Colleague: 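Here's a structure for you.
Here is how names work: the chains are called A, B, and so on, in the same order as the sequence lines, proteins then strands, and each is numbered from 1. All figures in this text were calculated on a predicted structure; none of them were measured in a lab.
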Amino acid sequence: MRRTVRMSRYTAAEIEAKWQEAWDKAGSFRAERDETRPKYYVLEMFPYPSGRIHIGHVRNYTMGDVVARYKRATGHNVLHPMGWDAFGMPAENAAMASGGHPKDWTYSNIDDMRDQMKPLGLSIDWSREFATCDPEYYGQQQALFLDFLEKGLVYRKNAVVNWDPVDMTVLANEQVENGRGWRSGAEVERRELTQWFFRISDFSGELLDALDTLDDWPAKVRLMQENWIGRSRGLQFSFERTDGGGIEVYTTRPDTLMGASFIGISPDHPLARELEAKDPAVARAVAAMRKGGTTEEAIEKAEKVGLDTGLTVRHPLDPNWELPVWIANFILMDYGTGAIFGVPAHDQRDLDFARKYGLPVRNTFFALDDDTPVGDVAFIPPKTEKVRWVDHFTGIDVATGQEAIDATIRFAEQQGWGKGVTNYRLRDWGLSRQRYWGCPIPVVHCDACGVVPEKKENLPIRLPDDVSFDQPGNPLDRHPTWRDCACPACGNHARRETDTMDTFVDSSWYFARFTAPHADTPTVMEDADYWMNVDQYIGGIEHAILHLLYSRFFARAMHLTGHLPAKSKEPFDALFTQGMVTHAIYQSRGADGRPVYHYPEEVTLRDGRAFLKDGTEVDIVPSAKMSKSKNNVVDPVTIISQYGADTARWFVLSDSPPERDVEWTAAGAEAAHKHLARVHRLASDIAQAQGEGQGDDELLREMHKTIRDVTLGVDAFGFNAAIAKLYAFTGTLARSKAGAQARQQAARTLAQLMSPMTPHLSEEIWQMLGGTGLVLNAPWPQADEAMLVEENVTLPIQVNGKRRAEISVPRDMPKQEVEKLVLAHEAVIRVLDGAQPKKLIVVPGRIVNVVI
RNA sequence: GCGGGCGUGAUGGAAUGGUAGACAUAUCAGACUUAAAAUCUGAAGGGGCUUUCGCCCCGUGUGGGUUCGAGUCCCACCGCCCGCACCA
């Protein structure tokens with residue numbers, strides 16, 4: 001027990017407060033331009049200020065902090081900022097639910113979250129902090145908007161929104177539940193409004209092609225963006241209407257033209273609108289088709305319905321062949337021309353539609369060895385597969401789909417009735433929102449001059465504070481005076497635009513603003529030029545498409561308007577998408593059969609089963625997404641007060657690869673804490689050790705291996721693997737009988753290698769062991785190559801691919817020598833039983849395989 | 001519906017196409033202790049053979065394939081997760 005008296009205890013709360021103060025005092029994390037050092041910009045996707053930090057935030061920011069601290073130790077000038085994605089619907093919902101003002105709610109949440117975040121000891125330059133709802137920020141965003149407008153990167157057009165006919169208001173997709181408004185319960189309709197759009201689709205090809213340059217992005221994110229942008233090559237041509245005029249269609253499968261059995265147009269197609277105006281029956285049908293939400297998912301999943309317009313068109317290859325024109329609810333006005341020709345035999349949707357309405361089904365091609373006509377399953381072979389063609393309009397008998405497509409496009413172009421067109425699925429980005437809590441769009445509407453941009457000197461156009469949320473709709477619309485203004489062009493009375501911007505706009509350039517967060521222009525070129533690009537961006541996979549694609553567009557637009565250098569057209573050099581933190585749900589059934597969710601504190605775990613206090617066993621649902629309603633949320637504040645920030649940081653990194661979900665378990669957190677206490681105890685023991693010992697070389701050899709492995713791990717985002725090596729090395733060090741000097745050197749190195757993950761504890765033991773200055777500023781240890789070379793290697797011997805034995809040989813033993821040793825090995829002799837091996841494969845330094 | 005991903009012991013997971021299960025949790029055993037906690041040491045994928053040293057079979061969601069060799073590459077299927085343009 002004398003040991004415990006001598007040992008200092010690991011008191012995380014004290015240690016962490018002490019070192020955070022020391023870093024603050026030294027101004028360690030303030031980032032300043034310094035041309036003499038390489039810069040490194042690490043950024044985590046900034047949070048929405050909900051008011052409480054979540055353990056998922058802890059994981060996200062810890063990963064960024066590990067990178068930031070590691071890069072600092074390797075001599076980089078690090079920029080690691082933090083801010084708030086502060087506009088959005090939750091603030092308005094809170095105002096509606098409990099009075100108050102979105103602004104007060106948001107800023108008070110920000111204060112709370114900052115208070116919860118600071119104890120984590122993140123190496124953040126807080127002097128650069130801002131919220132997107134700060135007028136200083138959104139005013140600069142308005143300036144960007146005006147510059148984009150001048151360059152023709154923004155325009156107005158009609159687009160559909162979710163319309164709640166009872167509340168008379170626009171709904172967000174998440175406010176539509178099963179096709180009904182979340183408050184009124186009314187069936188939602190799709191309605192057109194004039195809205196502002198960014199011309200992102202002008203950049204489709206460039207955004208697609210540049211994906212190839214993003215080598216340090218996850219391949220899956222690039223693939224998702226590629227599919228989202230969706231380049232396709234197809235044929236565009238016009239069907240001639242028998243009553244005059246034409247219908248322009250776009251198809252990616254022109255080769256199936258002979259299988260066409262109807263023309264389908266979107267309910268929003270100009271022709272559909274024309275018929276709707278003339279014919280009440282059409283109007284009724286189209287209105288029914290417009291019910292339901294605007295999401296692609298809702299439209300795709302909705303039952304396929306159509307209406308025969310009675311109109312007909314002529315087939316381009318046969319003037320006597322007439323096809324009916326249907327209005328169909330599954331055709332999107334936004335894609336292609338909003339009109340298609342249906343080929344039931346080779347498209348499942350078209351087939352379902354044709355069967356439902358009794359339209360003909362004609363095969364245009366068959367499999368090479370099977371000519372059964374299509375039944376209820378459309379025949380859709382890969383475009384690379386050879387098939388047998390029934391129609392011969394391009395002179396083809398047997399060809400792949402792709403060859404037939406190319407031939408058809410050539411054929412149509414020669415004959416002059418169609419042309420090959422490259423199309424993209426990507427649509428322009430609608431940024432108008434009919435809501436209060438967002439960045440006002442800085443334009444005015446003048447009866448004389450039309451839509452007029454606001455003058456830059458009048459920015460920011462501030463949101464008014466005196467608004468109420470006691471009725472549905474946009475408070476800006478009903479504000480008594482806010483809309484009134486003078487026309488910037490003619491000076492007469494005009495009205496402000498009351499739409500605000502999509503919050504994706506806010507998050508599409510905040511990374512650039514961090515390089516000069518308080519400037520009176522959106523960016524400052526010198527700062528942007530020094531700090532951009534973001535060297536490492538970290539965030540959730542849920543942002544793989546929209547946020548990242550919009551940011552890539554914005555970076556290009558900002559370059560075109562002189563706000564970013566050319567090198568920043570791709571603003572994020574490397575991207576990492578981290579997984580979620582999950583937690584088990586403990587659930588039982590109430591008397592009414594509904595699930596009852598129990599808090600972890602109410603549950604006792606024994607042998608992997610969970611029991612309530614009264615002994616009732618409850619079900620465990622492992623690895624569930626944390627949700628307040630399921631009572632399985634882990635509050636970082638509780639964890640930090642219980643164990644300290646270092647434990648929380650260590651645990652969220654240790655148990656799973658960073659890109660995958662990690663399950664928070666009380667046992668895991670407890671174990672992480674025990675380990676850190678053990679390191680603390682070990683370090684204080686070693687600090688007081690004296691004299692010589694045995695095994696200095698072995699210890700230092702292990703130390704250098706650990707330096708190599710941890711460095712590789714941190715570099716490659718293998719934090720869990722790096723931590724496993726640190727566990728192992730801690731064990732080695734604890735068991736080592738080496739002399740005091742060697743053990744102290746090893747312990748100091750351990751402190752350094754742990755410092756990105758557990759910065760406070762590392763400072764503490766670094767100091768204990770006589771390290772110079774702050775471990776934060778100590779140069780990262782280098783693995784000594786000479787110490788890593790092993791004299792002998794263990795070669796596993798496989799027989800037919802299964803390991804049967806192993807031999808230890810000098811590292812560079814020639815193949816022939818190895819072969820001799822293997823053939824002389826008793827295990828090999830036994831299995832060969834006198835026979836000769838068919839083959840003997842020797843991979844030097846790795847493995848031997850005897851094939852018999 | 002469409003696009004993307006993931007699946008390895010009781011659990012989280014490790015493994016440049018080359019010894020599957022590192023490291024950790026839970027479990028069990030031992031040491032220390034009057035006792036407990038804390039701490040330290042050890043065992044352990046499943047099954048079988050063997051007095052011991054050891055040896056054999058099976059095993060990475062399921063079924064096929066490529067390869068001397070597959071958790072890893074290819075195809076199909078099953079299950080779960082993410083996104084689908086007004087959630088952030």
Side-chain angles (χ1 to χ4, degrees), chain A residues 1 3-4 45 47-48 50 85 87-90 159 161-162 170-176 195 200 218 220-221 223-224 226-228 230 293-302 330 334 348-349 426-435 502-504 506-507 540-547 549-550 577 579-580 605-608 622-623 625 654-657 659-663 665 667-668 670-672 674-675 677-678 681 718 720-721 723-728 731 734-735 794-798 800-806 827 830 837-841 843 846-851:
Chain A
M1 283 290 109
R3 281 166 54 96
T4 41
M45 290 179 187
Y48 180 80
S50 62
D85 191 11
F87 275 135
M89 293 202 307
V161 293
N162 299 306
V170 176
L171 298 178
N173 283 336
E174 72 158 12
Q175 296 173 322
V176 178
Q195 312 209 58
I200 188 173
K220 65 176 166 185
V221 174
L223 186 58
M224 285 160 89
E226 187 182 323
N227 290 333
W228 185 262
T294 57
T295 67
E296 194 169 304
E297 184 187 3
I299 292 165
E300 292 281 333
K301 274 189 176 167
F330 59 89
D334 291 314
Q348 192 61 45
R349 262 189 326 204
L426 181 64
R427 315 200 289 255
D428 276 336
W429 169 14
L431 68 119
S432 301
R433 296 292 180 271
Q434 295 72 40
R435 270 181 268 288
D502 178 8
T503 56
F504 270 123
D506 312 337
S507 55
I541 185 69
E542 66 273 19
H543 294 295
I545 296 175
L546 294 180
H547 162 62
L549 192 61
Y550 290 159
T577 54
M580 290 187 302
L605 293 174
R606 274 198 310 274
D607 298 342
S623 305
K625 188 174 180 170
S654 66
D655 250 27
S656 286
E659 67 276 14
R660 255 198 258 175
D661 292 350
V662 64
E663 176 155 8
T665 61
E670 181 70 33
K674 277 186 193 171
H675 177 73
R678 181 181 184 222
R681 197 167 52 242
N720 58 324
I723 284 178
K725 301 289 181 190
L726 288 167
Y727 267 109
R735 283 184 294 270
T794 303
L795 279 189
I797 300 175
Q798 294 182 330
N800 288 341
K802 286 196 183 283
R803 190 189 69 89
R804 285 294 179 260
E806 57 184 38
R830 195 171 59 234
K838 277 193 201 151
K839 213 169 179 181
L840 191 55
I841 292 155
V843 185
R846 289 224 67 100
I847 203 160
V848 180
N849 194 5
V850 185
V851 184

Colleague: Once you round it to whole Å, what is the distance between P of B:C86 and CZ of A:F87?
Modeller: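 Taking atom P of B:C86 as the reference, CZ of A:F87 is at 18 Å.
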Colleague: Go through the N and O atoms of the side chain of A:E296 and the base of B:C84, and report whether any donor-acceptor pair is under 3.5 Å.
Modeller: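 When only heavy-atom distances are counted, A:E296 does not reach the base of B:C84 through any donor-acceptor pair under 3.5 Å.
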Colleague: Does B:G12 have OP1 or OP2 under 4.0 Å away from a side-chain N or O of A:S656?
Modeller: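 Result: no.
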Colleague: Which one, B:A88, B:C87, B:A14, comes nearest to the side chain of A:D85?
Modeller: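 That would be B:A88.
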Colleague: Distance check, P atoms only: B:U62 and B:C68, in whole angstrom units.
Modeller: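 B:U62 and B:C68 have their P atoms separated by 25 Å.
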Colleague: Without decimals, in angstroms, what is the distance between A:R349 CZ and B:C2 P?
Modeller: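 Nearest whole value for this atom pair: 9 Å.
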Colleague: Does A:Q195 reach the side chain of A:Q434, with side-chain heavy atoms less than 4.5 Å apart?
Modeller: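 A:Q195 reaches A:Q434 side chain to side chain.
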Colleague: Respond yes when some side-chain nitrogen or oxygen of A:N720 is under 4.0 Å from OP1 or OP2 of B:A24, and no when none is.
Modeller: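 Answer no for this pair, as no side-chain N or O of A:N720 is under 4.0 Å from OP1 or OP2.
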Colleague: Check for a donor-acceptor pair, side chain of A:N849 on one end and backbone N or O of A:I841 on the other, with a separation under 3.5 Å.
Modeller: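 No, A:N849 side chain to A:I841 backbone: no donor-acceptor pair under 3.5 Å.
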Colleague: Can you find a side chain N or O atom of A:R427 that sits less than 4.0 Å from OP1 or OP2 on B:A85?
Modeller: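 So the side-chain polar atoms of A:R427 never come under 4.0 Å of the phosphate oxygens OP1 or OP2 of B:A85.
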Colleague: From B:C23, B:C6, B:A88, pick the nucleotide closest to the side chain of A:H543?
Modeller: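 Ranking B:C23, B:C6, B:A88 by closest atom to the A:H543 side chain puts B:A88 first.
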Colleague: Looking at the angle O4'-C1'-N9-C4 for a purine or O4'-C1'-N1-C2 for a pyrimidine, is B:G48 syn or anti, with syn meaning within 90° of 0?
Modeller: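 You should classify B:G48 as anti.
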Colleague: Choosing from B:C56, B:C86, B:C84, which nucleotide comes nearest the side chain of A:R435?
Modeller: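 For A:R435, the side-chain atoms sit closest to B:C86.
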Colleague: Tell me the interatomic distance from A:Y48, atom OH, to B:C86, atom P, rounded to whole angstroms.
Modeller: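 Between P of B:C86 and OH of A:Y48: 17 Å.
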Colleague: Looking only at N and O atoms, is any donor in the side chain of A:R846 or the base of B:U16 less than 3.5 Å from an acceptor on the other one?
Modeller: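 Answer yes: a donor N or O sits under 3.5 Å from an acceptor.
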Colleague: Taking atom P in both B:C74 and B:U67, compute the distance separating them and give it to the nearest angstrom.
Modeller: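 Between the two P atoms, the distance is 16 Å.
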Colleague: Can you give the dot-bracket line for RNA chain B, where a pair is Watson-Crick or G-U wobble with both atom distances under 3.5 Å, crossing pairs use [ ], and | marks a partner on another strand?
Modeller: (((((((..(((.....[....))).(((((.......))))).(((((....)))))..(((((..]....))))))))))))....
Colleague: For each nucleotide in nucleotides 69-82 of chain B, reading 5' to 3', give B when a protein heavy atom comes within less than 4.0 Å of its base, S when such contact involves only the sugar-phosphate, and - otherwise.
Modeller: S------------S
Colleague: To the side chain of A:E300, which of B:C86, B:G1, B:G18 is closest?
Modeller: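 So the nucleotide nearest the side chain must be B:G1.
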Colleague: Mapping A:K220 and A:R803 to their closest nucleotides on RNA chain B, which lands nearer the 5' end?
Modeller: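 Nearer the 5' end of the strand: A:K220.
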Colleague: Under 4.0 Å: is that the gap between some side-chain N or O of A:T295 and OP1 or OP2 of B:C84?
Modeller: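 So the side chain of A:T295 is outside the cut-off, no N or O lying under 4.0 Å from OP1 or OP2 of B:C84.
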Colleague: Considering only the P atoms, how many Å lie between B:G7 and B:A29, rounded to the nearest integer?
Modeller: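 About 35 Å, rounded to a whole number of Å.
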Colleague: What is the distance, rounded to the nearest whole Å, between atom CD of A:E226 and atom P of B:C2?
Modeller: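 So the two atoms are 19 Å apart, to the nearest Å.
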Colleague: Distance criterion of 3.5 Å, no angle test: do you see the side chain of A:Q195 paired donor-to-acceptor with the base of B:C86?
Modeller: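 Donor-acceptor pair under 3.5 Å: yes.
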Colleague: If the P atom of B:U60 is compared with that of B:G54, how far apart are they to the nearest Å?
Modeller: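 About 27 Å, rounded to a whole number of Å.
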Colleague: Does a distance-only test, which skips hydrogens and angles, find a donor-acceptor pair under 3.5 Å between the side chain of A:E174 and the base of B:C86?
Modeller: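 No, the side chain and the base share no sub-3.5 Å donor-acceptor pair.
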